[in-house]
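Within every chain, numbering begins at 1; the chains are lettered A, B, ... in the order of the sequence lines, protein sequences first and strands thereafter.
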Protein chains: 2
Amino acid sequence: MNDTPTIPPRRPLTLRDVSEASGVSEMTVSRVLRNRGDVSAATRDKVLDAAKQLGYVPNKIAGALASSRVNLVAVIIPSLSNMVFPEVLAGVAEALDGTELQPVVGVTHYSPEQEEKVLYEMLSWRPSGVIIAGIEHSEQSRQMMRATDVPVVEIMDVDGDPVDAVVGISHRRAGRKMAEAILKQGFENIGFLGTQMPLDHRARKRFEGFTETLAKAGLEVMDQEFYSGGSALLKGREMTKAILDRSPDIDFLYYSNDLIGAGGLLYCTEQGFDIPGRLGLAGFNGVELLQGLPRKLATMDTERQAIGREAARIVAARAGGAPGGGERIEIEPKVTLGDTLRRYKP
Amino acid sequence: MNDTPTIPPRRPLTLRDVSEASGVSEMTVSRVLRNRGDVSAATRDKVLDAAKQLGYVPNKIAGALASSRVNLVAVIIPSLSNMVFPEVLAGVAEALDGTELQPVVGVTHYSPEQEEKVLYEMLSWRPSGVIIAGIEHSEQSRQMMRATDVPVVEIMDVDGDPVDAVVGISHRRAGRKMAEAILKQGFENIGFLGTQMPLDHRARKRFEGFTETLAKAGLEVMDQEFYSGGSALLKGREMTKAILDRSPDIDFLYYSNDLIGAGGLLYCTEQGFDIPGRLGLAGFNGVELLQGLPRKLATMDTERQAIGREAARIVAARAGGAPGGGERIEIEPKVTLGDTLRRYKP
DNA sequence: CTGAAAGCGCTAACAC
DNA sequence: GTGTTAGCGCTTTCAG
């Protein structure tokens with residue numbers, strides 16, 4: 001069972017060690033280990049045996065330098081605390097799963113300076129691709145992405161001028177669509193609740209699209225409430241109470257994410273409000289969590305995992321040598337009315 | 001403002017390009033760019049100017065090969081869909097933030113074979129450290145981790161025989177403690193709800209510790225229910241209904257995670273059960289979400305972020321040249337009684 | 001303070 | 001099928 005392999009070596013093993021142990025040239029060892037070119041079954045076995053016996057692990061650093069191929073994909077996201085980004089990452093990992101490619105994560109904390117640093121760091125590894133959240137970047141960052149020859153996929157947002165490929169939704173359009181859905185149900189006194197984050201361009205665009213459509217109907221947002229940090233569910237409750245106490249005439253609350261929306265929904269349910277008769281609610285993202293709530297919050301699914309998957313596919317295709325550049329995949333988010341937005345039966 | 005930098009080059013730039021552009025030797029350019037050794041302010045400026053002008057991005061592959069230093073930290077986790085792992089990752093990223101180190105993520109989908117592959121792949125990059133979830137691995141994997149000279153930190157679970165360093169909690173002990181807390185409140189007819197996942201060793205150990213303590217009190221788990229896939233919150237509701245319909249005498253439900261626990265809590269609240277008078281509930285993990293629920297679910301905080309942080313610190317310290325090996329950090333999880341476990345006022 | 005030479009461990013491109 | 005020869009782009013080391 002146990003071959004009691006030779007004493008663990010001080011010096012990391014190299015191809016040369018395998019070559020010597022197997023009596024096969026380094027080059028052929030390399031071929032065997034990479035499954036490249038034709039090698040006779042006999043030598044192949046000799047090499048594989050020797051490699052396993054020694055516990056050889058190839059050095060990809062050297063391999064990458066020699067071949068100028070790096071099977072790393074840089075994924076640059078603002079945060080890991082907001083579940084939407086791990087979801088994107090999961091999509092990336094899923095699409096990369098069958099390939100040789102590996103994701104490397106960089107977190108920017110919504111800071112353009114940090115993004116610049118992370119991007120620079122990532123590019124210095126000459127990855128097979130860069131997947132980066134958002135379409136707004138510092139001029140420096142854009143410059144780097146333009147200058148590099150690695151494929152760049154900007155994700156989540158398509159409203160703007162991508163450097164190369166984009167996969168995402170139009171947040172402006174999403175805001176408009178939600179406003180239309182709300183107006184259609186006859187709501188008129190609308191409050192907005194969101195995050196206090198000047199650099200969240202996607203939320204901003206949604207809000208812009210939203211107010212734009214309201215304006216066309218001669219309406220404007222009646223009251224607003226913002227938060228930062230803390231448990232989103234809890235904040236949702238608190239903000240909802242605050243805004244309703246302040247503006248009791250409100251008949252609809254539009255939340256910039258589902259978690260605060262869910263908090264609001266729980267609060268309103270407890271207060272015994274007639275929903276959506278007296279008060280309608282909607283969130284944004286379509287998170288799985290909503291499935292388990294007492295009532296289904298209206299929302300708009302943004303398919304984060306699909307976005308990650310598609311972005312990774314673009315990178316994988318190009319890493320595989322396929323030509324490309326400037327791909328554009330716009331995902332159409334759909335409104336889910338749930339139990340908190342539909343007042344009129346269809 | 002804009003220097004209109006020279007035409008973006010076809011061939012990626014090298015040190016040599018910067019050297020030629022600045023009239024400084026490659027070696028000195030390298031020194032400047034890495035902030036190593038003494039360089040006169042004059043040449044330093046010349047170099048920095050040329051580099052920026054050209055838009056030079058160093059090639060870490062080559063650097064790593066030459067210096068045999070790789071500022072990557074491998075983080076190997078079973079999944080990204082369960083928020084606990086992104087949380088660990090966030091802790092790692094946080095601790096690494098000030099350093100030169102970068103996390104690289106590998107996902108195993110709870111499969112030992114996949115773990116082996118990912119580990120091999122990661123080790124072939126000769127990272128500065130490996131942070132890997134769990135303490136149970138295939139013999140092959142353990143072998144690789146033993147053989148390598150990169151620091152290995154096994155995280156989340158300390159019950160077992162670590163290869164090198166460990167940071168985590170004792171799940172067996174966690175199970176026992178929860179059982180004690182439950183018994184202390186006088187509950188006797190206890191049901192267990194968990195995930196259908198034979199390879200989730202941590203859940204298994206918790207369950208073992210739990211039943212062990214019940215056994216000492218002459219009790220055993222009255223009924224059980226398992227799920228896999230889907231929205232945990234929703235599953236929590238469904239399972240709770242199922243187990244209570246089947247075993248109406250149950251007076252306590254122990255959930256293997258907070259999400260299903262929260263689902264159960266919502267269900268029970270809606271049913272109007274007297275909680276915790278008639279029925280007590282407890283989850284596991286201490287997720288932030290619980291803060292916003294109508295009632296606070298009893299749970300046990302596992303401090304995932306702290307675990308990630310500490311693991312990353314160990315790696316960073318050793319990458320910085322500090323001696324080490326075999327570090328062990330056991331985090332003591334604390335029971336939070338919340339509103340669903342305390343029957344007797346203190 | 002600065003430079004020249006010699007690799008790091010592997011693979012591309014040819015020979016045989 | 002298999003081996004040989006040059007590097008990949010950087011840093012280490014050692015001279016000046």
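The B:Thr43 side chain lies nearest to C:dT2 when the options are C:dT2, D:dG9, C:dA12. Side-chain proximity of A:Arg34 to the nucleotides D:dG3, C:dA12, C:dG9 is greatest for C:dA12. In the set D:dT4, D:dT11, C:dG9, the nucleotide with an atom closest to the side chain of B:Ser67 is D:dT11. Considering only side-chain atoms of B:Met27, the nucleotide from C:dC10, D:dT2, C:dG3 that sits closest is C:dG3.
For the pair A:Thr28 and D:dG3, the criterion of a side-chain N or O lying under 4.0 Å from OP1 or OP2 is met. The shortest distance between the side-chain N/O atoms of B:Ser30 and the OP1/OP2 oxygens of D:dT11 is below 4.0 Å. Contact between the side-chain N/O atoms of A:Tyr56 and the OP1/OP2 oxygens of C:dG9 is not found at any separation under 4.0 Å. A close approach under 4.0 Å does not occur between any side-chain nitrogen or oxygen of B:Thr14 and OP1 or OP2 of D:dG9.
Between A:Arg146 and A:Glu139, at least one side-chain nitrogen of the basic residue sits less than 4.0 Å from a carboxylate oxygen of the acidic one, meeting the salt-bridge criterion. A salt bridge links A:Glu20 and A:Arg16; the closest N-O separation between the charged side-chain nitrogens and carboxylate oxygens is under 4.0 Å.
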Item to check | Stepwise side chain to side chain contact (heavy atoms under 4.5 Å, CB included) test for A:His137 and A:Glu154 | outcome: CA-CA 10 Å; A:His137 313 286; A:Glu154 289 167 277; 2.9 Å; yes
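B:Ser68 comes within 4.0 angstrom of nothing in the nucleic acid, heavy atoms only. Note on B:Asp38: a base of the nucleic acid sits closer than 4.0 angstrom, heavy atoms only. Residue A:Arg69 is classed as a sugar-phosphate contact, given heavy-atom separations below 4.0 Å to backbone atoms only. At the heavy-atom level, B:Ser40 lies under 4.0 Å from the strands shown only through sugar-phosphate atoms. Among the heavy atoms of the strands lying under 4.0 Å from A:Arg31 is at least one base atom, whether or not backbone atoms are also near.
Atom CD of B:Glu100 has 12 or fewer neighbouring heavy atoms from other residues, nucleotides or ligands inside a 6.0 Å radius.
Along DNA chain C, the nucleotide closest to B:Leu65 and the one closest to A:Ala64 are compared, and the more 5′ of them pairs with B:Leu65. Mapping A:Gly37 and B:Arg16 onto DNA chain D by nearest heavy atom places A:Gly37 at the nucleotide closer to the 5' end. Between B:Val39 and B:Ala62, the residue anchored nearer the 5' end of DNA chain C, judged by the nucleotide with its closest heavy atom, is B:Val39.
When rounded to the nearest whole Å, the span between CG of A:Asn59 and C1' of C:dG7 equals 14 Å. Atom CD of A:Glu26 is separated from atom C1' of C:dA12 by 14 Å (rounded to the nearest Å). Note: NZ (B:Lys60) to C1' (C:dC8) measures 17 Å, nearest angstrom. In this structure, B:Arg36 places its CZ atom 13 Å from C1' of D:dC10, rounding to the nearest Å. In this structure, the CG atom of B:Asp17 is 11 Å from the C1' atom of D:dG9, given to the nearest Å. Atom P of nucleotide D:dG1 and atom CG of A:Asp45 are separated by 15 Å, given to the nearest angstrom. Between A:Leu15 atom CG and D:dG7 atom P the separation is 20 Å, expressed in whole Å.
In this structure, CG on A:Leu33 lies 9.5 Å from CZ on A:Arg44, to the nearest 0.5 angstrom.
B:Ser111 and B:Glu113 share a donor-acceptor pair across their side chains, judged by distance under 3.5 Å alone.
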